[in-house]
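Report on one structure; see the data block that follows.
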There are 2 protein chains.
Amino acid sequence: MAKIQSKKNSTKKEVIIEKASKLFREKGFGAASMRDLAEDVGVEAASLYNHIQSKAEILQTICFKVANEFMTNLEQVESSSQSTLKKMEAIIRLHIRMMLDQYEYIYISDHEWRHLPEPYLSNFLSQRRSYRKRLGDIIEEGIAKGEMKHIDPYVAVLIILSAISGIDSWQRSRKSTSAEALETNMVKYLIEGLKK
Amino acid sequence: MAKIQSKKNSTKKEVIIEKASKLFREKGFGAASMRDLAEDVGVEAASLYNHIQSKAEILQTICFKVANEFMTNLEQVESSSQSTLKKMEAIIRLHIRMMLDQYEYIYISDHEWRHLPEPYLSNFLSQRRSYRKRLGDIIEEGIAKGEMKHIDPYVAVLIILSAISGIDSWQRSRKSTSAEALETNMVKYLIEGLKK
DNA sequence: AAATATTACTAACACTTGTTAGTAATTTAT
DNA sequence: ATAAATTACTAACAAGTGTTAGTAATATTT
């Protein structure tokens with residue numbers, strides 16, 4: 001049956017993935033070894049395979065967990081009845097917050113997806129393409145309704161997502177600017193850039 | 001004396017670095033092997049060491065080449081007598097263009113610097129910090145002069161650089177949007193977001 | 001307490017890694 | 001053409017890779 005390990009209410013598999021996410025971010029997926037991971041978990045490398053099937057599976061789990069979370073949120077926003085600007089703001093804020101408190105996961109999903117084995121790689125990229133397309137559709141609608149300025153929707157999506165993804169280089173020097181100030185300023189910049 | 005190899009007027013070392021930059025981007029520094037690289041160059045792995053000293057040296061060369069290029073340009077812009085908005089526009093345009101026609105180099109400098117060995121790593125990060133600080137100073141001056149809107153300069157720099165860095169995910173699907181349209185739209189978005 | 005299922009261990013596998021020695025081939029300088 | 005320097009080759013190294021078998025220890029269920 002379900003095994004409850006560790007101090008928190010989390011499976012050992014979850015512990016492994018959590019430790020792995022930190023390790024993969026620090027050293028990169030390729031350079032992080034299963035023996036490194038085992039040491040972090042406090043176990044021998046071979047023992048990991050009682051809980052996971054492969055190193056790649058860890059990466060898959062992380063990448064698709066993140067992708068699904070964003071996709072679910074997008075569907076909620078799409079089916080809501082806010083203005084297109086409010087929709088984009090909601091999405092931007094979610095991205096920023098997830099970047100702030102699920103940093104490791106998001107970072108890996110953003111930067112290490114290249115190492116996904118097929119067919120997961122194609123699947124992931126297709127999901128990402130679809131996600132961006134749907135963000136672009138919201139912006140397109142915003143332009144059509146006169147709520148947003150005339151700009152290439154695809155480029156706008158690129159800018160917004162990349163800008164948020166760049167918070168990773170803030171994480172390492174988080175003295176001067178607080179998290180709240182960061183979110184406020186980013187939303188201001190990114191939304192003002194859309195407004196007509 | 002100077003050895004002229006290959007078809008073009010380039011040292012074999014330059015050929016190696018050029019091939020390496022493509023390889024490092026595709027597979028990541030850690031996952032790219034010297035044997036992979038050797039095959040691309042058309043030579044045995046051991047022969048590479050007649051021209052380079054180590055795998056890490058290649059990474060160093062690439063990262064600092066890029067860093068120096070940006071730094072030189074920044075100094076020119078700083079000492080010019082344009083408005084702060086024009087200065088930022090000039091910098092943004094340079095970044096976009098370098099991203100477009102020196103894609104491999106910039107990408108590696110952006111994403112693979114983590115694998116630099118000390119003391120190069122510290123050196124690189126310090127240079128990067130300094131670069132961003134000076135960009136922030138331009139924005140701060142822009143705000144003080146009333147040319148730019150009130151925004152945290154550090155966050156603005158973060159957004160601008162990250163947004164441009166995100167062009168890498170455009171490279172792979174460069175059908176719909178042309179390079180000129182991309183630059184125009186990005187400048188529009190990023191500069192409008194600064195203007196008062 | 002006994003039986004069962006789960007997890008950790010040691011040892012080893014086949015393979016890949018960056019790099020070095022030593023030497024042959026080739027290019028450049030005399 | 002001969003000498004000197006440069007570059008490519010083969011072979012090998014020590015170390016590290018993900019992963020599997022087999023087994024001992026531990027926890028869970030009966």
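Every chain is numbered from 1, with letters handed out A, B, ... down the list of sequences. The basis for the numbers below is simple: all heavy atoms, side chains too, and nothing from hydrogens, waters or symmetry mates.
Considering only side-chain N and O atoms, Lys12(B) lies under 4.0 angstrom from the phosphate OP1 or OP2 of dA8(D). Residue His51(A) has no polar side-chain atom (N or O) positioned under 4.0 Å from OP1 or OP2 of dT6(C). In this structure, Ser47(B) reaches the dC9(D) phosphate: one of its side-chain N or O atoms is under 4.0 Å from OP1 or OP2.
Every residue meeting the ring-ring contact (aromatic ring centres under 6.0 Å, His included) condition with His115(A), not counting sequence neighbours, appears here in chain and number order: Phe29(A). Residues passing the ring-ring contact (aromatic ring centres under 6.0 Å, His included) test with Tyr49(B), sequence neighbours excluded: none. Residues forming a ring-ring contact (aromatic ring centres under 6.0 Å, His included) with Tyr120(B) (at least two apart in sequence, or on another chain): none.
Between the NE2 atom of His115(B) and the P atom of dT17(C) there is a distance of 15 Å, given to the nearest Å. As a whole-Å value, the separation of Asn50(A) CG from dA24(D) C1' is 13 Å. Atom CD in Glu44(A) sits roughly 23 Å away from atom P in dT6(C) (whole-Å rounding). Between the CD atom of Glu39(B) and the P atom of dT16(C) there is a distance of 13 Å, given to the nearest Å.
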Could you tabulate the donor-acceptor pairs under 3.5 Å formed by side-chain atoms of residues 134-144 of chain A, not counting sequence neighbours?
| residue | atom | partner | partner atom | Å |
| --- | --- | --- | --- | --- |
| Arg134(A) | NE | Glu78(A) | OE2 | 2.9 |
| Arg134(A) | NH2 | Glu78(A) | OE1 | 2.8 |
| Asp137(A) | OD1 | Lys133(A) | NZ | 3.1 |
| Asp137(A) | OD2 | Lys133(A) | NZ | 3.3 |
| Glu141(A) | OE2 | Lys145(A) | NZ | 2.8 |

With a 3.5 Å cut-off and sequence neighbours excluded, list the donor-acceptor pairs that the side chains of residues 66-75 of chain B form with protein atoms.
| residue | atom | partner | partner atom | Å |
| --- | --- | --- | --- | --- |
| Asn68(B) | ND2 | Phe64(B) | O | 3.0 |
| Glu69(B) | OE2 | Gln102(B) | NE2 | 3.1 |
| Thr72(B) | OG1 | Asn68(B) | O | 2.8 |

Report, one pair per line, the protein and nucleotides 17-21 of chain D atoms (nitrogen or oxygen only) whose separation is under 3.5 Å.
| residue | atom | partner | partner atom | Å |
| --- | --- | --- | --- | --- |
| dT17(D) | OP1 | Ser33(A) | OG | 3.4 |
| dG18(D) | OP1 | Ala32(A) | O | 3.3 |
| dG18(D) | OP1 | Met34(A) | N | 3.4 |
| dG18(D) | OP1 | Lys55(A) | NZ | 2.9 |
| dG18(D) | OP2 | Met34(A) | N | 2.8 |
| dG18(D) | N7 | Arg35(A) | NH1 | 3.0 |
| dG18(D) | O6 | Arg35(A) | NH2 | 3.0 |
| dT19(D) | OP2 | Tyr49(A) | OH | 2.5 |
| dT19(D) | OP2 | Lys55(A) | N | 2.9 |
| dT19(D) | O5' | Tyr49(A) | OH | 3.3 |
| dT19(D) | O4 | Arg35(A) | NH2 | 3.4 |

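With values rounded to the nearest 0.5 angstrom, Asp40(B) atom CG is found 8.5 Å from Lys22(B) atom NZ.
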